[in-house]
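Inspection log for the structure reproduced underneath, given as structure tokens.
We count ligands from 1, going down the list as the structure has it; atoms in each ligand are counted the same way. Keep in mind that this is a model prediction, so the values were computed, not measured.
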Amino acid sequence: MAKKQSKVRTKNHARSSSNGRRALSATPPSQRTYTIVDYRLEKPNFTLRQVRTGDGVRYEVEGDLSPSVPPIRESKYLDKKQCLEIYRWMLLNRKMETALENLYKQGKVVGGVYFGLGQEACSCASAYALKPDEWLGPMIRNQGSLLVRGFSPRDIMMQYMAKAGSPTKGRDASSHFGDIQKNNVVAPISTLGDLIPVLAGVALGARMQGRNIAVMTYIGDGGQSTGVTYEGLNFAAVQNLGVVLFIENNLWGYSTPADMQFRVKDLAERAITYGIPGVIVDGTDACQVYDAAHEACERARRGEGPTLIEAKMMRMKGHAIHDGAEYVPKPLFEYWKKRDPIARLENHLLGKKWLTPTGNGELIAGVDQQLEADRELAVNSPMPTPESAAGGTYCENGCHEIKLKYGVPKARSGKSSASKQTEAAVHLK
Ligand SMILES: Cc1ncc(C[n+]2csc(CCOP(=O)(O)OP(=O)(O)O)c2C)c(N)n1
Ligand SMILES: [Mg+2]
């Protein structure tokens with residue numbers, strides 16, 4: 001029997017050629033390997049299991065929730081001043097959301113409120129990597145990104161209270177606002193994933209004006225399953241458009257755990273199928289988030305195309321203010337509470353002596369003061385008048401004139417590499 005097997009092997013893999021040498025006729029199948037850069041200093045090792053109980057379901061955590069919290073990874077790029085700025089943005093982000101929660105409970109907020117609790121590092125440190133003349137497309141939890149891009153807490157609080165002075169002048173009481181004049185923020189709509197092709201379009205528009213820019217947007221672990229996510233990112237990939245896509249894997253999409261949303265181990269693996277770089281970061285570590293975002297933005301500015309960054313973290317509240325998140329196993333909250341992004345960065349800065357306890361106290365007091373002043377102003381500002389409802393709906397004098405951001409379209413000059421790529425884009429049917 002053994003003899004027979006060895007004979008078969010010889011026949012399959014080697015045969016005498018006419019010149020007497022033994023040549024391989026059937027090589028074993030080759031394997032391709034791909035690289036996903038993983039910045040994390042710890043890799044959480046647990047999953048969520050659905051347990052059926054009568055008509056209902058509940059979730060249980062399986063795995064190890066005991067590891068101690070790792071340090072923050074030293075940034076390759078951030079200096080002391082920049083780290084402190086990001087820390088301040090994160091504090092402002094958190095405290096503004098707390099103020100919004102209170103305003104909601106006082107009946108002053110007209111719509112719902114969505115929180116980015118636990119995700120402040122991802123929002124603030126990512127947007128911090130963009131240059132002022134680049135573009136951002138925020139999702140509902142990215143209030144921190146909006147602050148970094150130039151919206152004030154007052155703007156955001158007025159928006160949720162539907163005040164006349166809010167970015168949408170009281171026409172919307174949620175996250176559907178942006179600013180294409182100054183802050184370069186594309187207003188999101190609720191349909192998940194739709195920002196991705198829109199931001200790709202912004203990058204294409206800039207290229208048609210001779211510039212390769214970075215454009216950043218976000219999608220959740222749930223939203224990334226949509227078809228438009230694939231379409232948008234694939235278009236950006238084939239056109240080398242500088243989309244920096246953060247997949248905010250916060251473990252939940254409404255009440256569906258990420259483990260029931262996709263089969264891949266890490267969502268960054270999706271990058272392989274687009275032919276673009278995929279990166280994993282700990283979304284509660286501001287330095288990791290910034291470094292990955294910075295490298296992706298630099299790549300975008302060189303005209304090398306999109307990057308997909310998966311930020312792993314946890315949605316520390318329910319989907320929105322009405323959702324008490326009873327379906328989330330308590331030990332999961334405890335695990336991630338120990339990894340609070342603000343506390344982690346604070347400890348890091350104190351440990352490095354980039355922040356003294358006194359300096360920290362002053363910084364926190366400054367944030368409180370700014371917020372209180374903005375809250376006061378927002379609460380006391382007027383609601384829109386009924387007559388104003390029709391304004392801004394139809395074209396008024398000159399309102400339809402959209403000025404070019406970067407210059408005259410260079411699609412046909414054929415001089416720069418950016419414009420050559422534009423021609424390819426323009427001729428796409
Ligand atoms: C295309 C589409 N499908 C469904 C919804 C309804 N919806 C709004 S938020 C949400 C959950 C999103 O979860 P995830 O993408 O993980 O983001 P997270 O809320 O966790 O930040 C769903 C299903 C939607 N807005 N758009
Ligand atoms: Mg989610």
Side-chain angles (χ1 to χ4, degrees), residues 44 46-48 50 59 61 93-94 97 100-101 111-127 136-146 160 172-178 186-199 216-233 245-270 280-284 289 308-329 332-333 335-336 339 341:
F46 50 79
T47 51
L48 281 161
Q50 190 184 64
Y59 297 103
V61 192
N93 181 177
R94 168 122 0 137
E97 290 189 3
L100 269 172
E101 184 170 5
V113 186
Y114 301 84
F115 298 106
L117 186 67
Q119 303 187 198
E120 296 89 345
C122 187
S123 284
C124 299
S126 58
L136 182 102
M139 293 291 286
I140 43 172
R141 305 195 195 287
N142 302 121
Q143 326 248 38
S145 319
L146 289 169
Y160 280 100
D172 179 87
S174 184
S175 61
H176 308 123
F177 66 98
V186 175
I189 55 168
S190 284
T191 328
L192 298 173
D194 277 13
L195 271 175
I196 301 165
V198 172
L199 268 291
M216 184 178 288
T217 189
Y218 309 84
I219 189 75
D221 46 282
Q224 59 79 40
S225 294
T226 56
V228 71
T229 297
Y230 175 81
E231 292 161 28
L233 195 51
L245 178 63
F246 267 86
I247 298 191
E248 298 187 300
N249 184 354
N250 61 9
L251 300 180
W252 298 91
Y254 274 144
S255 54
T256 304
D259 286 319
M260 294 180 70
Q261 185 72 37
F262 49 84
R263 256 328 212 182
V264 284
K265 185 163 170 283
D266 299 302
L267 284 167
E269 288 167 32
R270 298 254 196 261
I280 303 174
V281 292
D282 174 345
T284 67
V289 171
L308 191 160
I309 303 169
E310 179 187 7
K312 293 186 189 270
M313 51 204 170
M314 164 83 174
R315 193 194 69 198
M316 292 301 279
K317 278 193 174 274
H319 176 71
I321 199 155
H322 59 267
D323 171 11
E326 263 84 39
Y327 47 84
V328 177
L332 206 55
F333 276 129
Y335 175 90
W336 288 100
R339 285 151 182 81

| field | Backbone of Leu117 reached by a side-chain donor or acceptor of Gln119 within 3.5 Å | value | no
| Contacts of type side chain to side chain contact (heavy atoms under 4.5 Å, CB included), residue Asp323, not counting sequence neighbours | Arg315, His319, Ala325, Tyr327
| Is the shortest side-chain N to carboxylate O distance from Lys317 to Glu97 below 4.0 Å? | no
| Is it true that a side-chain atom of Asp221 and a backbone atom of Asn250 form a donor plus acceptor pair closer than 3.5 Å? | yes
| message | Check whether Thr217 reaches the backbone of Gly137 with its side chain - one donor and one acceptor, N or O, closer than 3.5 Å. | response | yes
| Quick check: does any side chain N or O of Thr229 sit under 3.5 Å from a backbone N or O of Ser225, one acting as donor and the other as acceptor? | no
| message | I'd like the contact residues of ligand 1, where contact means a heavy atom below 4.0 Å. | response | Arg141, Ser190, Thr191, Leu192, Gly220, Asp221, Gly222, Gly223, Asn250, Trp252, Gly253, Tyr254, His319
| Between the side chains of Asp172 and Ser174, does any donor sit under 3.5 Å from an acceptor? | no
| said: Could you check whether any side-chain N or O of Ser145 sits under 3.5 Å from a backbone N or O of Ser123, counting only pairs where one atom can act as donor and the other as acceptor? | reply: yes
| task | For the Mg ion (ligand 2), report each protein N, O or S atom nearer than 2.8 Å, sorted by chain and then by residue number. | result | Asp221 OD1, Asn250 OD1, Trp252 O
| said: Applying side chain to side chain donor-acceptor pair (under 3.5 Å), can you list everything that pairs with Asn249, at least two apart in sequence or on another chain? | reply: Glu310
